[in-house]
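Notes follow the structure.
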Amino acid sequence: MNAIKDISQIFPKHLFWDVNPKNLDIQDDKDFIIPRALMATTVETFTKDIQPLEQLYSRAQIVKELQKTKERISNEVCKLVARRYHVKQFLRYQ
């Protein structure tokens, strides 16, 4: 995991439409960054979309933040993450 300070260089700007990504702290704002980075992913783009997160966070951190987020993360994204990291499947919406 690299010590990246400015996430605007690795994530598309449209994912952080309502904040200045330069003001986000990698560690303090991980509960915001992780779900936002995957909010618009699809089955086709998932592998490409999750790779920048894996540069910043451990698998455990990614799973933990997705399990507890209030952001609109689809159940499909949760399934993709669980499958990628070989953890028990979890869903955001029942």
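In this chain, residues are counted from 1 in sequence order.
Rounded to the nearest 0.5 angstrom, Gln61 CD and Ile34 CD1 are separated by 6.0 Å. Rounded to the nearest 0.5 angstrom, Asn20 CG and Ser8 OG are separated by 7.5 Å.
When only modelled atom types and interatomic distance are considered, Thr42 and Glu44 share a side-chain donor-acceptor pair under 3.5 Å.
Of all heavy-atom pairs spanning Ile33 and Asp25, the tightest one is CD1-O, 3.8 Å. Shown here for Leu66 and Pro35, the closest heavy-atom pair between the two residues is CD2-CA, 3.9 Å. Minimum interatomic distance between Ile62 and Tyr57 (heavy atoms only, all atoms of both residues): CG1-CB, 3.9 Å. Scanning both residues, Ile73 and Cys78, for their nearest heavy atoms gives CG2-SG, 4.0 Å. When every heavy atom of Asp6 is checked against every heavy atom of Lys22, the shortest pair comes out as OD1-CG, 3.4 Å.
Taking 4.5 Å as the limit, every side-chain heavy atom of Asp29 sits out of range of all side-chain heavy atoms of Ile7. Within the 4.5 Å cutoff, no side-chain heavy atoms of Ile50 are placed close to those of Leu80.
Of the possible donor and acceptor atoms, one in the side chain of Asn75 sits under 3.5 Å from a partner among the backbone N and O of Tyr93. The backbone N or O of Glu71 lies less than 3.5 Å from no partner atom in the side chain of Arg36, so there is not a single donor-acceptor pair.
With Glu54 as reference, Arg84 is the one residue of Lys48, Arg59, Arg84 to meet the salt bridge (charged side-chain N to carboxylate O under 4.0 Å, His left out) rule.
Taking hydrophobic clusters as Ile, Leu, Val, Met, Phe, Trp and Tyr residues chained together by side-chain heavy-atom distances below 4.5 Å, Phe46 does not share a cluster with Leu91.
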